[in-house]
Amino acid sequence: MANFFVRGGTALNGSVVISGAKNAAVAIIPAALMANTPSTIENVPDIRDVHTLVAIISGLGAKVTRLDKHTIIIDSSELGCPVVPYEAAKRMRASYYLLGALISKFPQVTVSMPGGCSIGARPIDQHIKGLRALGVEISAENGMIKATAKKLTGTEICFDTVSVGATINVMLASVYATGTTVLENAAKEPHVVDVANFLNSLGADILGAGTDIIRIKGVKTLTGRSYSIIPDQIEAGTFMLGAMATRGCIEIKNIIPRHLYAITDKLKNIGAVITEFDDSVCIQAPVNLSSTNIKTMPYPGFPTDLQPQMVALLSLAQGTSVVTEGIWENRFKYVGELIRLGAKLQVNERTVIVEGVPELNAAPVKAPDLRAGAALLVAALAASGTTELESVEHIERGYENIVGKFCGLGANIFVVADPLKSSEQTA
Ligand code: EPZ
């Protein structure tokens, strides 16, 4: 484990290439297990969550061959009776996708209750509701979820709340169900669409992904294919916010600009000049940032996964901004750390009031979770002096080579190993 030492104050300049989307990869890898023949997955981000997931499925008997840093072949032909133990599942939230993916193939699957960033209660009642409606019997005991199914039958399922995880999980389980499954009030995130596109490329029959009604006609078989994961819009947004915070000018390559509309719209509001191309954007920060108000929402609204980084940026705006968290009940754990850097923030339930300050100043800070860590990094890049950032393993779960990428844009970040820390972290 290591700490980052960030010498702030340098405007970011140059270009950065965005990696594959973490939240698509962690669903597509389990989905690949559903095919009868191997799939080649390209543009896989080289991040800790993917390494953890690959270790989990390898432990279940899948054969994973790494062709290069970003390409893996997944062969599930030797997959055994699936039991995902606590030690593995506690490390990452997305281990719950193994439930939906594998119950479509095996009569019984046991998965430990998932871990994940500590940003709220994170119930999985909607996953369970959907799976039960398809005919899966589910029981939970000693932290393990046991799913049993003789036969899965398509049906209509209306989610009580918009959930990315439940939409994907139930979509996975429906692919081999008899008849048609209709998911209503489905999540519309780009990674939901990416998983559906992947499954369709294998032979699934899924219509409507990207809208709030998804129709899945059951099929009998899926055949492995090559598929390239979409770019990570949250990583792209984080770099845009880094450029803004340091008053820089950067080009962000390998992205789908329409996935970033909610972000580009807000950044234009506060003064950014953004030029969009087919698969890249250029962002030029203004001299002075304006304040704004934001509420995080399911896609296509402003993403909760950029809320902490946006608060870091608005700390440096002129005037007062109000940022409301519309998805998670406890995603302001980083606020105390940003205050240590000189930000003026006040949390009131799900809202943080951000009173802009002219500058931030270095201090030792600790990342409480993945996106909060990214927010502290954005703030540190803009702060004067050298900030020591602890618990960066959270950041490395979801950002590929973040130090190398920021340093490629002119940032000064030094990684110093901390031998006293263990690698036991949840994802
Ligand atoms: C996914 O989490 C992402 N994780 C999260 O990204 C992201 O913040 C979140 O979607 C929202 O966009 C992965 O894709 C692995 P949800 P997920 O189910 O699927 C409530 C990051 O930083 N809910 O869409 O777990 C829930 O409490 C991570 O990359 C229920 O009530 O989120 C929340 O308030 C953090 N019952 C809301 O729905 C359920 O059964 C949205 O959660 C499920 C969810």
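Given the structure is predicted, the values throughout are model-derived calculations rather than measurements. Atoms within each ligand, like the ligands themselves, are counted from 1 in listed order. Along the sequence shown, the residues carry numbers beginning at 1.
Remark: ligand 1 and Glu329 share no N or O pair separated by less than 3.5 Å (distance only, no angle test). Checked by distance only, ligand 1 and Val164 come closer than 3.5 Å through their nitrogen or oxygen atoms.
Against a heavy-atom cut-off of under 4.0 Å, Gly165 is close to the following atoms of ligand 1: 18 (O), 19 (O). Those atoms of ligand 1 that come under 4.0 Å of a heavy atom in Lys22, given as number and element, are 21 (C), 29 (O). Here is the list of ligand 1 atoms found below 4.0 Å of a heavy atom in Arg331: 8 (O), 22 (O), 35 (C). Distances below 4.0 Å separate heavy atoms of Thr304 from the following atoms of ligand 1: 8 (O), 11 (C), 12 (O).
Using a 4.0 Å cut-off between heavy atoms, His127 contacts ligand 1 through both its backbone and its side chain. Only the side chain of Tyr96 comes within contact range of ligand 1, with a heavy atom under 4.0 Å; no backbone atom does. Contacts of His394 with ligand 1, taken as heavy-atom pairs under 4.0 Å, are absent altogether. Here Gln126 has heavy atoms under 4.0 Å from ligand 1 in both its backbone and its side chain. By the criterion of a heavy-atom distance under 4.0 Å, both the backbone and the side chain of Pro123 are placed next to ligand 1. Contacts between Trp328 and ligand 1, counted as non-hydrogen atom pairs separated by less than 4.0 Å, involve the side chain only.
With hydrogens and angles disregarded, a donor-acceptor distance shorter than 3.5 Å links the side chain of Lys129 to the backbone of Cys158. Checked by atom type and distance alone, the side chain of Tyr261 never pairs as donor or acceptor with a backbone atom of Gly301 at under 3.5 Å. When atom types are taken as modelled, the side chain of Thr178 and the backbone of Thr153 share no donor-acceptor pair closer than 3.5 angstrom.
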_Test side chain to side chain donor-acceptor pair (under 3.5 Å) applied to Asn43 and Tyr227, step by step_ = CA-CA 9 Å; Asn43 205 29; Tyr227 189 82; over 6 Å; no
*List the steps and the verdict of salt bridge (charged side-chain N to carboxylate O under 4.0 Å, His left out) for Asp305 and Arg331.*
CA-CA 9 Å; Asp305 294 345; Arg331 208 170 198 176; 2.7 Å; yes
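Closest approach of Gly135 to Leu152, counting heavy atoms only: C-CD2, 4.5 Å.
Counting heavy atoms of neighbouring residues, nucleotides and ligands inside a 6.0 Å radius, atom CZ of Arg340 exceeds 12 of them. At most 12 heavy atoms of other shown residues, nucleotides or ligands fall within 6.0 angstrom of atom NZ in Lys344.
Ligand 1 is never approached by Met297 to a heavy-atom distance shorter than 4.0 Å.
Distance CG/Leu376 to OG/Ser391: 10.5 Å, rounded to 0.5 Å.
Counting heavy atoms only, Asp305 comes closest to atom 6 (O) of ligand 1 of the residues Ile327, Asp232, Thr161, Asp305.
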